[in-house]
2 protein chains.
Amino acid sequence: MTTKLRREDILAAVEDAGHRLTGSRRAIFELLEGMEGGFSAEEINLALGGVGRATVYRTLRLLIKEGLLCKLFSDEGSPKYTVAKFGHHHHTICVSCGKVGEFRDSSVERLLKAVSADIEGTIVGHNLELYVNCSECIS
Amino acid sequence: MTTKLRREDILAAVEDAGHRLTGSRRAIFELLEGMEGGFSAEEINLALGGVGRATVYRTLRLLIKEGLLCKLFSDEGSPKYTVAKFGHHHHTICVSCGKVGEFRDSSVERLLKAVSADIEGTIVGHNLELYVNCSECIS
DNA sequence: CTACTGATTGAGACACAGTATCATGACAAC
DNA sequence: GTTGTCATGATACTGTGTCTCAATCAGTAG
């Protein structure tokens with residue numbers, strides 16, 4: 001299951017949301033297009049010498065707000081950003097190599113209905129992460 | 001569903017794991033005993049003037065390793081620590097007031113079995129967070 | 001094309017959470 | 001009590017991200 005993000009998808013989404021298409025943003029989008037799995041903000045910074053650090057973080061935050069990226073925190077290591085090809089999805093994180101995957105499962109939604117009876121309050125969202133040993137780390 | 005942590009539980013667990021019961025640790029344990037919901041490391045620091053910052057963080061890390069605390073990251077605000085009365089559980093986080101709750105549900109485990117077919121790799125753990133509007137924030 | 005205007009930028013200072021270092025002090029086993 | 005080692009506290013440091021602000025740019029209206 002590949003989870004690449006196409007540049008034109010980003011451009012359209014960002015423009016539709018009323019944001020300007022600047023050179024720095026285009027450069028970041030172009031870089032993200034080839035990204036797969038999780039990456040850190042600093043990787044983007046290093047790869048794009050001409051773009052300011054603040055701009056990189058601002059743009060990542062923008063893309064998260066528009067639902068094109070996710071941010072994953074982990075107890076170990078730095079936060080990871082991942083592309084969000086599917087509108088709604090969940091993540092697998094390899095506990096050995098840190099690689100991030102993405103999956104979608106409708107039974108999660110069914111689960112929530114079942115759980116909601118035990119919860120005081122109303123559920124407005126959720127986050128499910130699976131910690132795995134990925135196929136490469138097993139072999 | 002109250003999720004208080006009793007001091008004697010902590011003392012036993014920490015001693016069993018071969019750690020020393022120092023004055024600073026006792027002070028932190030005593031404070032945690034009354035804690036409910038999520039709290040930040042800095043709250044502990046402020047409440048315990050005599051204990052060094054590093055020691056507070058070291059002790060929180062220790063308790064996480066021994067399974068007595070959980071650490072929750074959120075997109076907004078600082079990381080929250082929560083007591084883990086149940087061995088395994090999940091969290092509810094109020095998107096309005098930030099209050100953290102805890103629940104247990106066996107259907108989550110059933111869900112994982114169903115999902116595991118779609119995942120490449122073997123599942124070794126998971127994390128489920130529900131974002132809610134808590135009963136106080138609704139009313 | 002030109003001018004306008006507010007969004008965006010880059011540089012650097014800053015904020016915050018947490019860790020590393022290391023000399024000093026405390027725990028607990030004997 | 002003595003002793004070995006684990007833990008502490010002060011402080012410096014790292015890493016991740018935000019704030020500030022003057023300068024610049026993108027998109028639009030004329």
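Each chain gets a letter, A, B and so on, in the order its sequence line appears, and its residues count up from 1.
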Choosing from C:dT19, D:dC25, C:dA28, which nucleotide comes nearest the side chain of B:Arg53?
C:dT19

A:Ser40 side chain to A:Glu43 backbone, donor-acceptor under 3.5 Å
yes

Enter the distance from A:Ile44:CD1 to A:Thr59:OG1 here, rounded to the nearest 0.5 Å.
10.0 Å

When the ring centroid of A:His126 is compared with that of A:His88, is the distance short of 6.0 Å?
yes

Expressed in angstrom and rounded to an integer, what is the separation of B:Leu62 atom CG from D:dC6 atom P?
14 Å

Roughly, in whole Å, what's the span from CG in B:Asp16 to P in C:dA28?
13 Å

Please determine whether a side-chain nitrogen of the Lys or Arg among B:Arg20 and B:Glu15 lies less than 4.0 Å from a carboxylate oxygen of the Asp or Glu.
no

Spacing of A:Glu76 atom CD relative to C:dT19 atom P, expressed in whole Å:
9 Å

With a 4.0 Å limit, can you tell me whether A:Thr22 has a side-chain N or O closer than that to the phosphate oxygens OP1/OP2 of D:dC25?
no

Does OP1 or OP2 of C:dG18 have a side-chain N or O of B:Tyr57 closer than 4.0 Å?
yes

Of C:dG12, C:dT8, D:dT16, the nucleotide closest to the side chain of A:His19 is C:dT8

Heavy-atom count check: over 12 atoms from other residues, nucleotides or ligands less than 6.0 Å from A:Glu136 CD?
no

Give the rounded distance in Å between these two atoms: CD1 of B:Ile64 and P of C:dG18.
8 Å

What is the nucleic acid contact for B:Gly50, judged by heavy atoms within less than 4.0 Å: base, sugar-phosphate only, or nothing?
sugar-phosphate

Options C:dT8, D:dA7, C:dG18, nucleotide nearest the side-chain atoms of B:Arg20
D:dA7

If you pin A:Thr55 and B:Pro79 to their nearest nucleotides in DNA chain C, which one's is more 5'?
A:Thr55

Taking the side chain of B:Ser24 as its heavy atoms from C-beta onward, which of C:dG10, D:dG9, D:dG17 lies nearest to it?
D:dG9

Euclidean distance, atom CG of residue B:Leu21 to atom C1' of D:dT8 [Å, nearest integer]
15 Å

Between atom CZ in B:Phe29 and atom P in D:dA7, what is the gap in whole Å?
11 Å

Nearest-Å distance, CG (B:Asn45) to C1' (C:dC16)?
12 Å

Counting any heavy atom closer than 4.0 Å, what does A:Arg25 reach on the DNA or RNA strands: base, sugar-phosphate only, or nothing?
sugar-phosphate

Can you tell me which nucleotide in D:dG17, C:dG10, C:dG18 comes closest to the side chain of A:Val51?
C:dG10

Residue A:Arg58, side-chain heavy atoms: nucleotide from D:dT16, C:dG18, D:dT20 that is nearest
D:dT20

Below 4.0 angstrom from OP1 or OP2 of C:dA17, is there any side-chain N or O of B:Lys71?
no

Using a 4.0 Å heavy-atom cut-off across all strands, classify B:Arg61 as base, sugar-phosphate, or nothing.
sugar-phosphate

State, yes or no, whether a side-chain contact exists between A:Thr82 and A:His91 at a heavy-atom distance under 4.5 Å.
yes

Interatomic distance where CG belongs to B:Leu11 and P belongs to C:dA28 [whole Å]
11 Å

Under 4.0 Å, counting only non-hydrogen atoms across every strand here, what does B:Phe73 touch: a base, just sugar-phosphate, or nothing?
nothing

